[in-house]
Amino acid sequence: MKFLRVAAAAVLALIGHTDAVSTFSPARPPAAPLAVRAPYLNVWLNGQTDGRPSGYLPGQWPSFWTQGFQGWQGFIMVDGKPYNWMGGAPGADNVDQQALKYTSTRTTFIFNAGGLVQLVAEFLSPVFPDDLRRQSIPFSYLKVSVVSLDGRSHHVQIYTDVSGEWASGDNSQTVQWEHQAGDGVRSHKFYRQNQEPFNEANDQASWGNWYWSTGDIRGVTYQIGQDTVVRGQFLSNGTLTGHIDTEYRAVNDRWPVFAFARDLGAVGGSGSASTLFTIGVAQEDAILFQGRGDSPQEVPSLWTNYFDEEELAPFFYKDYTYASQYATSLDSRIARDSIAAGGQDYLTITSLAVRQAFGALQYTGTRDNVQVFLKEISSNSDIQTVDVIFPTWPIMLYLDPNLIKYTLSPLLENQESGHYPNKYAIHDLGRFPRALGYPDGNDEAMPLEECGNMIIMMLSYAQKTGDVNYLRQHWTLMAQWAEYLIEDAKIPANQLSTDDFAGHLANQTNLAIKGIIALEAMSRIARLTGHNTVAGNYSSIARDYLGFWSRHGINRAAVPNHSVLQYDSADTYGLLYNIYPDKALGLQFIPQSVYDMQSNFYQTKANKYGVILDTRGTLTKTDWEMFAAAVAGPETKAMFISLIAKWINETPTWRAFTDLYDTNTGGYPGNQFTARPVVGGVFSVLALQ
Ligand SMILES: *[C@@H]1O[C@H](CO)[C@@H](O)[C@H](O)[C@H]1NC(C)=O
Ligand SMILES: *[C@@H]1O[C@H](CO)[C@@H](O)[C@H](O)[C@H]1NC(C)=O
Ligand SMILES: *[C@@H]1O[C@H](CO)[C@@H](O)[C@H](O)[C@H]1NC(C)=O
Ligand SMILES: CC(=O)N[C@H]1CO[C@H](CO)[C@@H](O)[C@@H]1O
């Protein structure tokens, strides 16, 4: 209660209107996704650092997940008076924001401009899990609609621009541009003059062409030039001149902006008028990859199999009706399923995760050999980190299990072609967008973690799709990893787990159980592929190890009993999230008593915003809490879900959905984990259904 009053007072003080407090539904997100479809199209409305609560678009610059501004300005002129509805440019009063709503694919703002018209800005980043042709296009929609509020008709003009900041993470780089019209669509195309394929500056791509487009329709004007000139033109006149400044220059040299205006004419008492914009980036080659060949090869963006570059913007623009309907049905499906499985609080969590999870994926390859590369956004930009794919995995199980194959494919190809010397599974393939692997075997070693993850995810793919041949193809490598599990899963050596911020530890109970479950999974794989003798061996070893684990991994003196963080360390505990795969794979290997024990125990350990990851600190991980919740009893599941939904609504974190937070304060430990795809793990509950 106290928190809410303070937050509202701050808004009133800063905005200066008594009616300017927005509603947020289903919650106030720490940051709102605006255009989030790929690692390089990842733009958010961050919360504020100056003490204002997050979620207000008027007057605020959208930013890339790194916090780098992405100039994106919106004005509306009503009967000759301009208002600002997005972006930090001066020259117009802000509209009043009345609502921010999010679904799985949309963030929608409702604004009031001078009490005269209502303006709705819908940011749609569709997700097409099973439609590779559409999913491969890294573009996003902005639809702006206007309706009269007072029953009278008003003259309305809409303005939007983007800056060169989208095309370079280094503002001293020269951008070049051209203006195009064709096929019913007008585009500003802009790009770094000095194209540097497979290089980044501040995590933004240093290559590729950006397209900012709208319909080539009545009432549209356009202009390219200095920010103050172009915006000044609209603010004074409501239209643009069509002038194209051709003095190509640095992003920050008299800031060139690429602008459209649309004169909607008279917007009357009943009808509504709207205009549509699209933004996206086209890179013919997306990834540099050390696969089968002797040396690394360029891997094309998947869209090159379906489109020429010039076709992308027109196709995407004209596909809006289909995309919007598809997005609505996906939103509804996720809403229906989430509410049935965990109520409105669960939907609050799942619907915030969808764009973020898919926004880390780069679709590449050919129709016959689709490879989806994943960026470990924010934690260090590794590419194809196995223990980042693993927590993301539940959303793949739920929306499209083929994604498991597409994301594991580069890892398997690299290791099966002799480019990795270690007997255990590789941790990642390098630094995005260069998947060069580790020919010297000097990756960040997480041997038990990654061997377990790979085997578990591979079996799950085959189970969901019936593609047993996949397991046959990769049998040799999986059998090699299983040998490592036999060596290490019973008494895990001193090593990192995925939670590497917590440091090295020997005998990690949670890590051991993953390896043991993976050995049982290996026995199922062996059976499916006709390796019947070893199937029995894997299974008996797994059972033997499980017995050992039960003796050393559980504190039976405590009331209630619980698993420990480290063997025989009675006072330690943590989230035993690695029993989740036993349920996800339907192994029925872990006794139900272990699930019940943990479920009861978590009930006794809830802090304000969750249950700690382990006794080394007060932090927790959203993904692992949801893994634990998914296999707990109904009350414990509901407890986790309500604590995480509460956290989303109240957290002082202000960047894209972090998966690492403090269970007491709800804040960041280090302001570091943000926009990571691992939030796909919140689909853990739905993946079991
Ligand atoms: C101002 O806008 C009107 C149309 O509303 C247009 O005819 C005129 O040329 C514009 N003037 C300038 C300087 O752009
Ligand atoms: C790990 O656990 C085993 C079995 O209880 C024990 O023998 C060994 O000393 C432990 N190692 C460490 C480093 O704690
Ligand atoms: C299976 O396990 C037995 C007993 O540990 C061992 O002797 C045998 O070599 C194993 N067979 C295979 C195929 O690994
Ligand atoms: C409170 C509780 O769960 N106690 C159990 C701990 O484990 C021992 C041994 O399995 C049981 O006997 C207790 O009932």
Side-chain angles (χ1 to χ4, degrees), residues 75-82 91 154-159 161 217-226 228-245 259-267 273 275 447-448 486-497 502-516 541 544-574 576 590-605 614-616 632-633 635-636:
F75 293 123
I76 179 173
M77 185 90 94
V78 185
D79 299 332
K81 179 169 163 45
H154 298 284
H155 184 201
V156 175
Q157 291 148 307
I158 300 290
Y159 172 94
D161 72 46
I217 45 180
R218 199 166 55 81
V220 169
T221 53
Y222 56 91
Q223 193 168 342
I224 299 177
Q226 183 170 359
T228 51
V229 172
V230 176
R231 291 168 188 159
Q233 163 65 29
F234 179 80
L235 290 172
S236 64
N237 197 60
T239 64
L240 298 172
T241 63
H243 179 69
I244 307 295
D245 177 343
F260 289 114
R262 171 100 195 271
D263 192 332
L264 292 171
V267 175
T275 190
L448 185 47
I486 292 173
E487 265 174 46
D488 198 56
K490 182 177 180 183
I491 303 182
N494 187 34
Q495 63 192 290
L496 294 177
S497 81
H504 285 72
L505 193 69
N507 284 346
Q508 297 182 57
T509 308
N510 183 50
L511 194 54
I513 203 70
K514 171 177 285 175
I516 297 167
I541 295 168
D544 172 51
Y545 286 10
L546 180 60
F548 182 89
W549 183 92
S550 308
R551 290 190 295 280
H552 295 275
I554 295 176
N555 180 350
R556 289 179 204 279
V559 180
N561 292 187
H562 62 84
S563 72
V564 292
L565 169 65
Q566 186 180 33
Y567 285 166
D568 307 313
S569 302
D571 295 336
T572 62
Y573 67 86
L576 189 68
I590 302 294
Q592 187 56 39
S593 59
V594 173
Y595 292 102
D596 295 343
M597 170 184 77
Q598 288 303 108
S599 185
N600 293 334
F601 178 67
Y602 298 141
Q603 284 277 339
T604 68
K605 291 292 173 191
D614 64 52
T615 38
R616 289 173 288 185
E635 280 174 30
T636 303

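The chain is numbered in sequence order, starting from 1. Every number for a ligand or one of its atoms is a count from 1 in the order of the listing.
- Note that atom 12 (C) of ligand 1 has protein non-hydrogen atoms nearby, at separations under 4.0 angstrom.
- Using bins of under 30°, 30° to 60° and over 60° for the plane-to-plane angle, the ring pair Y573/H562 lands in the perpendicular bin.
- With respect to atom 1 (C) of ligand 1, the closest heavy atom belonging to the protein is N237 ND2, 1.8 Å.
- A donor-acceptor contact shorter than 3.5 Å links the side chain of S599 to the backbone of G633.
- When the options I491, D568, N507 are ranked by their closest heavy atom to atom 8 (C) of ligand 2, first place goes to N507.
- Although no hydrogens or angles enter the test, the distance criterion places no donor-acceptor pair under 3.5 Å between the side chain of D614 and the main chain of T572.
- Nearest non-hydrogen protein atom to atom 5 (O) of ligand 1 is T239 CG2, 4.0 Å.
- In this structure, of N600, V559, D596, the residue bringing a heavy atom nearest to atom 1 (C) of ligand 4 is V559.
- Shown here, atom 7 (O) of ligand 4 is in close reach of the protein: a heavy atom of it lies under 4.0 Å off.
- Summary of contacts: the protein heavy atom closest to atom 2 (C) of ligand 4 is N561 ND2, 3.4 Å.
- Protein heavy atom nearest atom 9 (C) of ligand 4, with residue, atom name and distance: R556 CD, 3.8 Å.
- Listed here is the closest heavy atom pair of I590 and Y595: O-CE1, 3.6 Å.
- Relative orientation of the Y567 and F548 rings is perpendicular, given thresholds of 30° and 60° on the angle between their planes.
- In this structure, of Q223, Q157, Q233, the residue bringing a heavy atom nearest to atom 14 (O) of ligand 1 is Q233.
- Here the heavy atom of the protein found nearest to atom 4 (C) of ligand 2 is F548 CZ, 3.6 Å.
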